[in-house]
Every structure is written in structure tokens, then in C-alpha cells.
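Data first, discussion second: the structure below is written as C-alpha cells.
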Amino acid sequence: MSQKVKFEGLPREMIALRVSREIKEGSYVNLGIGIPTLISNWTEGVDIVLQAEIGMLKTGSLAEGDDVDQDLINASCQAVTALPGSSYFDIVESFAMIRGGHIDIAVMGALQINARGDYAGWSNPSRGLFVGNVGGSMDLCAGAKKLFIAMEHTTKDGELKIVNELSYPATALGKVSMLFTDLAVIEITPKGMVLKEVMAGLTAKDIQSVTGPKLIIAKDLKEIEL
Amino acid sequence: MSQKVKFEGLPREMIALRVSREIKEGSYVNLGIGIPTLISNWTEGVDIVLQAEIGMLKTGSLAEGDDVDQDLINASCQAVTALPGSSYFDIVESFAMIRGGHIDIAVMGALQINARGDYAGWSNPSRGLFVGNVGGSMDLCAGAKKLFIAMEHTTKDGELKIVNELSYPATALGKVSMLFTDLAVIEITPKGMVLKEVMAGLTAKDIQSVTGPKLIIAKDLKEIEL
Amino acid sequence: MDKTFPSIEEAIADIKDGAVIAIPGFFACGVPRDLLKALIKKGTKNLTLACGCGPLVGAVDEMRALVKNNQVKKVIDSYGLSRSASKGMQEPFEQAVRAGKIELEVFPMGTMAEKYRAAGAGIPAFYTPTGVGSVFEESDVTNIESNRKPKETRMINGQKYVLEYALKPDYAFIHAIIGDKEGNLRYSKTARNFNHVMAMAARVTIAEVENLVEVGKLDGNDVQTPGVYVHRMIKVSRPQFAITID
Amino acid sequence: MDKTFPSIEEAIADIKDGAVIAIPGFFACGVPRDLLKALIKKGTKNLTLACGCGPLVGAVDEMRALVKNNQVKKVIDSYGLSRSASKGMQEPFEQAVRAGKIELEVFPMGTMAEKYRAAGAGIPAFYTPTGVGSVFEESDVTNIESNRKPKETRMINGQKYVLEYALKPDYAFIHAIIGDKEGNLRYSKTARNFNHVMAMAARVTIAEVENLVEVGKLDGNDVQTPGVYVHRMIKVSRPQFAITID
């Protein structure tokens, strides 16, 4: 479990950029806290609509100065702006939208993920509490048509995050379809994890060395293009 | 079952007037089709709010002439007017309001009622169909804090409507608390039907002669005052 | 995300025989009449029309045309028959129901509303007090006897409740007074009724709007149905009809 | 039906020790801060604060005062702890949770929203896909081990769902940007969040409004919470706070 290989990966912004390429125009998208939030830096001018679970569709960029309105924040408690076509609604409607299958893609961070598409993200046992901040993550997993994970490939200390079995409390089982890390792009299929793209300069073998489950190497394996 | 005594009772408007006296100021009230609808003729200037299950609070009087708006009708498909403080909402909210216990009083018509407060009103077997027009009646029975029935004491042909056992399909069981007819005012208690008021000129014995269940005569039995 | 369609015919072109279509409207009010007329013209058969409170009693001409064309297999509604029993006997729809040629399935109105909401909100089933003590707690209420599936009840905190399931239509036809090109809608007064919830519930939602405006013309606080629920938009004229039912 | 109260103290005067109070707000946004301050002043004890998404993480000063006063028995929330684990360790609330002196019960946010809605709508229980595959399908998730009641799941159409129950608070504190004297409310943008649904859910709903207007000033199409849900109204000033959480 404690393989301590660690590669210098892409910066977080570049992971976000790579994810943004996977989001088709016309999509309704919810971005979780962390790397996923950075995706919105890459979608300006792209015809996608961001949903904030607080109760807003079509959130704009972060608000600054006179644009800050205490009644207009995103799910991370940051002041945001509205766009033409933005709408507001109550929390019940917001989660009806999420749970009811109206959001095309949710992008979330994760602490651990396995080859079956199970992932853990809501509770870090190191906090030492059975309870935790689950927020809307499980609703997004239950309802979004596609679930992407964007995260660092390993922890800062080089601990594996892509594991054979989760040791952290699961957020959802079998829901993740794509995994984007600083080192690789991995598709999760019924047969297991398929390595589709690696960071320039690394090999499939390098990726396997920091990945728990045995990877299936895509026939058309390529470099992550940014 | 086929007692054919029949008394000339109060006109429907007078039944409605008597019911209106039982509605406290500050109440939110839903009025069913038939005699209940007439109650609104007696509540002008009284501080009660009428709910229409189509999705409106504080319906005003029927609309005429230029006031008719095809987008503003009541649950009986009549054009109505709005009042200061009226609000509109969707059907889910409307029935949340009804089912969730937010309506103080529902007043409904009935085909049959018994001494346990069961009543039948949604389907007349004479139509010869297992299906029928249930509308919102059962939701109102389930959710209103108090359920009143306003109806003729017997059918046009003198058949009993206040019966020992319902022979028509039930709308709800044990929900009715007060019954207002053209002949009497009856309270429904755990012990049975208590005759509280009779039409001027009639006796308790007269009322019993057109009523199935044995009536308990209130100690302070009085005339229906209008 | 421009969701406007060039014509109403194109907006409904993919609806196939056997589709389940949600039809909002409370009697005469808030019914998507232009979409219904286009459906009549298209002639799609074996339809299940999932209603809430008598839009086909209110839009009686459209109902008669649908029945005459033999397009309707089933209607689901809380108030599907004429109010007047004697006038109902004259209606081809009721005659077909009596003959068992069209199925009429009935739920209490609040249960209908909640079934659509559940479908839109990802809730597969819920318990309700409505209908306890009536035939609605015993089985599905339909004129087709063999379809009267038994229902399940449960005691919760000493009270009895009926288990009801989500109802997810393939399409919803929606009528709104105003909408922008991205599908944000706003209704007029009591014409909202079943429109919002059916827009949530359906797999594909097609909205006819009396006023089609540019994106940004509707304030975000004023949107009643967010565009995410709406897939196709058509501009129609304000409908003309009698505010009455038989 | 004038529902305005002469003072905020009188509006909350009948709240007794042990009450369950719904507190809306999504972190810093839409929190009824004046009502919370009045509750602190009143000193009512043994409270259960039924939240949705961290209003006490957002209104952290009010939270600290409530904890310091020993007023809180239990918090129900999807996001009740500081975002930062290290800063959370410093919070008296989290320390009390760790010590088992305050109970923290957690549900996924959408389940919280739905539990309040169910209470307001007369739905005693519902099935949800949320939480399947996690500890939330196994038992109630609370720091007090003896309160971890097992949960029930059920397969519906081949998918697993969790049974969740309505949550009905005794009181709801509501913050709205505008309200009329009969209790019709309208919110500003994302400050709506849990306000409407908690107004529906509670037995007694007390609303603080930034603008109190005469009846008739709000158009019926613009009302977001109909007055039937609101029992008491207070005028407050627009709150001042930092838009941030730890």
C-alpha cells in the first residue's frame, strides 16, 4: 500500500483544462470544490451551463468589487456573477434537478477511487469523526448522467489514491466513468480501468507504478494534449 | 333504507350562510364544488383566505366582462378575480399546502355520510363506472385540519344520505367533524352524531326520521340561526 | 443554447406511436392547445396521455379529434370524464372508456402532482395519506379490470399511508406565457398548474410560448421553470377558447 | 390577516427549551441572523437546530455564542463542520461534537431538502437513490453511536433506494428580502436556498424581512412563499457579514 514513487505531474489548472475538453457544448454541468471549480476558467465562451447546488443555473465568473452581492454566492461560498439567462430557484428544486437526472456531467474531487468506479471523497478518516461534511456530493453521484473525477494521482506524500479497495468511506459505488489526474486520463469500463492518456514524458509503466489496480492499456494510448 | 319522508329545507344559500358562521377569521379555507362554493358569497369583508387547488391563494369573486382572464380560473373552471395579497403557485405546491396540513378548513359536498365521519362523494355508482372524477377531494380530506360537509339532508327523492353504512365508494374515513344540511347542523363525535341545531319548525324527531344513524340530541339543541 | 424550433411540426417530429405524453392544464386553463393540434395533425397512434386535472375535459375539441382519429390508448387523470354524467354519456371518449377501448386510469389530483414531481426529482416512490380508506388504497383504479394491480400500504407513526410510484412521461407538452430561447419559462397566474411539474418530469419537454424573448430578458428571480428542464421551444399565438366545461 | 409582530422578542417569545428550530442559509447566504441573535439573547436551551448546508458554518459568530451559552443539544446538517479540518479543531462546536456533548446528525444535502419538503407536503416518507453504497444507507449518521438507528433499503425496478422520513421542525426562522404583512415572501437570488422549504415544513414559521410592504405590493405571480406558510413577520435591516467560511 505504501509505494512511495511520486512523479511531478501537471498543475491543477491543466487537469481542469483537460477535463473541460471532455464537456460537450450544450451540457449542464455541476463542478465540485477543488480542481473541478477551476474548470470554469476554461469554459468561457463555451456553450455550457454551470449549475450551483445552492440554487442557480448559469453561474458566471467570481464577483469582485462592486459586483459582489451577498445574496449571490456559489456552492463554495464565493461571490459570483450572473449571466444573461441565469436563473435562481430553491434548494428543493436544485436537488430535484440534480437527483432527477437533469445534470449532464458532475465533476468531483476524490480521496480514493477504485477500478469499479467506486470513490471516496466526503469524509477523511484522519479527521477522526464518524460524521462529516457530505454536502451535495452523494446527490450528484446519484443523479448526474456522467460522473467525472478530477484529482492528483497520488497524495502529497505519494500514497496511492487509485486503489484496489477503498479504505475511506465511500461516496458512491460504480458511478465514475472518467478519471482525470495530473498524470493520466483513465476511463472506467466494465472490464476495469483503461489508461487512455499519459502525461508527456511518462510511460504506461510509470503510471502503473503509482496506481493500485492493474491498468488496461488503450490501443491508442496517447499523451495528454493540452 | 327507503324511508320517503321529505321536509322542505333551507335553500342552498342558507346552508352556505350557516357554514360561513363556523369559519373563524384568520382561516385558510378550501371550498368544494356545489353548496360549498356558495359560502364565498357570505365571506366578503371577513378576514379569511380561500385556496383554489389549481394553484391560488386568496381568490376573489367571480369575474365578469373585462375582468375575465383566461389564465385566472378557480377549481370549478370559472373565471375569478384576484385580491390584494393573492398569490399563484404550481400544482405541486398547491397540494403540498393541502396535504401538508396548511389548510384550516375544507368544506365539501357529499352523497353519503355516516356517524363515524366517513363520507362518499367522489363517485356516484349510478354512472356505472368503476373510474370517476376524484379531483382533489381525497387530498383535502387527508390534509385539511377540519373537514366540513355541506349538503342536502336527503336526496331529491327522499333517499337517506346520512346512513349507517356507506353504499357508495368512500372518499375518506373518519375525517368529517361537522355536517351542515338544509335541515340540521350535526357534530360528529367519537360517540356518534350529535344533533346541535334544527331548522325552525322541525323537531329532533323529524330529523331522526330522515337520518339513518341514531342521533344524540345536544342538551342545548337549538334552531339554526341565520 | 438556442432551443427554438423552426416549426411545431419539427418540434414533435420524433414522437412515435405508443409514446406517453404529459398534458398539463386544469380544465380549460394552461392547456398546450397548439401542440395538441399538431399531434392531431401528425396522427400518432396508441398514445398514453398523462394528465392532471381534465385538460381534455377543458380542451374538448382536441380530445374529440384525438378520439375520432383513434390516437388514444390510455388517459391518466384525476378528472378525465365530463363533470355532467348525462353529457359524458354523449362523449366518444367516455363511450370508448365504457367499451374498454380506451383505458382511463385515475389517481387523486395531489397524488398525480406528486407522481410527476417524483419522476422529475429522482424519487422512485413515496408514501401518501391521500386515498387511504378508499379504493385508491386497494389497487390501481382503472376501467380495465385486469390492470387493477394491488397497492401497498404501510403504517408510519400509527397512521396508514399508500405507496405511490413516480410517473415519467416520454414527452411533456408545455404552455407558458413567456419563455427565452434557452428554455427559461414563466407562466400566467393559474395557467401554471401542471406545466412546471410536467416539464420536470418528462424525458423530452416541448414548450409552446406566447412570447418568445431573447436570453437575458427574463430576470433570474422571475424564472419559474429553469431552462434545464426544457428541450424544445416554439412560439405560438395566445389561444382562444371558452372558459367552461360540461 | 396582519402577521407582523411589534418586536423580534415577542415573535420568538413562546419558543421553549427543547424546541426543534429550522435554520436556513447556505453557508453565509440567506441566514436569519437577527432571529438567531434574538434566540441567543433569549437563552433558550436544549435546542435542536435543523439546518441544510452550514448556516452555522457561515454565521459562525452566532454559532459560537449559541455553543458558549450551552443552548444547543443537537445540529442536523449536511455540512455542519468547518471546511478546514485544522480550523474545525479550534471550534467549540466541533469540540463539543467530538466530546459527545452536542449531537451532530448528517444527511446528504438533497435528502435534507427532501425531508423538509416531505414534512411540509404531508409525505411521511420517500425513497431516494442518494447515499446508496455509503454509510448513509446503513444507519442514521450521527456522532452519538447509540442513536445510529438502522436504515431501510428497497429495490425498485432493479435499483436500490434508501427510505427516508419527513423532518418537521417546531419552528422555522426565515430570512427574505421582501414580504407583505400577510406573510407572502420573495427572496433575493441564491439567498432563497432553504428558506422556502423550511417555511413549508415548520409548525410555526417566523420570517424576518428586509423590506416589509403593504398587502398588494407583491404581484401574485412574484410571490415565492405564499403567506399560508408564514405565521409571524418582523422587519429587520439588511444584514452585514463576510462572504466566507473557514
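What you see is a predicted model, and the numbers here were worked out from it, not measured in a lab. These values consider heavy atoms only, across backbone and side chains, with no hydrogens, waters or symmetry-generated copies. Proteins get letters first, then strands, A, B, ... in listed order; numbering begins at 1 in each.
- To the nearest 0.5 Å, the span separating OG on S87(B) from CG on D222(D) amounts to 11.0 Å.
- Closest approach of D47(B) to M1(D), counting heavy atoms only: OD2-N, 2.8 Å.
- Proximity to chain D (any heavy atom under 4.5 Å) is shown, for Q51(B), by neither the backbone nor the side chain.
- Closest heavy-atom contact between N184(D) and G85(B): ND2-O, 3.2 Å.
- No more than 12 heavy atoms of other residues, nucleotides or ligands lie within 6.0 Å of NZ in K24(B), so this atom counts as exposed by the packing criterion.
- Within 6.0 Å of NZ in K42(D) there are more than 12 heavy atoms belonging to other residues, nucleotides or ligands.
- Counting heavy atoms of neighbouring residues, nucleotides and ligands inside a 6.0 Å radius, atom CG of N157(D) does not exceed 12 of them.
- Summarising the geometry, atom NZ belonging to K58(B) is positioned 3.5 Å from atom CD belonging to E182(D); distances are rounded to the nearest 0.5 Å.
- Counting only heavy atoms from C-beta outward, the side chains of E93(B) and M200(D) approach each other to under 4.5 Å.
- Residues L57(B) and G227(D) come closest through the heavy atom pair CD1-N, 4.5 Å.
- Heavy-atom distances place the side chain of K3(D), and not its backbone, under 4.5 Å from chain B.
- More than 12 heavy-atom neighbours from other residues, nucleotides or ligands sit within 6.0 angstrom of NZ on K235(D).
- Residue E25(B) places its CD atom among more than 12 non-hydrogen atoms of other residues, nucleotides or ligands, all under 6.0 Å distant.
- Checking side-chain atoms of R99(B) against main-chain N and O of A121(D) turns up a donor-acceptor pair under 3.5 Å.
- Residue I48(B) touches chain D through its backbone alone, counting heavy-atom pairs closer than 4.5 Å.
- Of the listed residues (H196(D), E214(D), Q224(D), K217(D)), the one with the most heavy-atom contacts under 4.5 Å to chain B is H196(D).
- Of the two parts of S27(B), only the backbone, made up of N, CA, C and O, holds a non-hydrogen atom closer than 4.5 Å to a non-hydrogen atom of chain D.
- The greatest number of non-hydrogen atom pairs below 4.5 Å with chain B, out of G220(D), P226(D), A201(D), A119(D), is found for G220(D).
- Contact annotation for N221(D): both backbone and side-chain heavy atoms come within less than 4.5 Å of a heavy atom of chain B.
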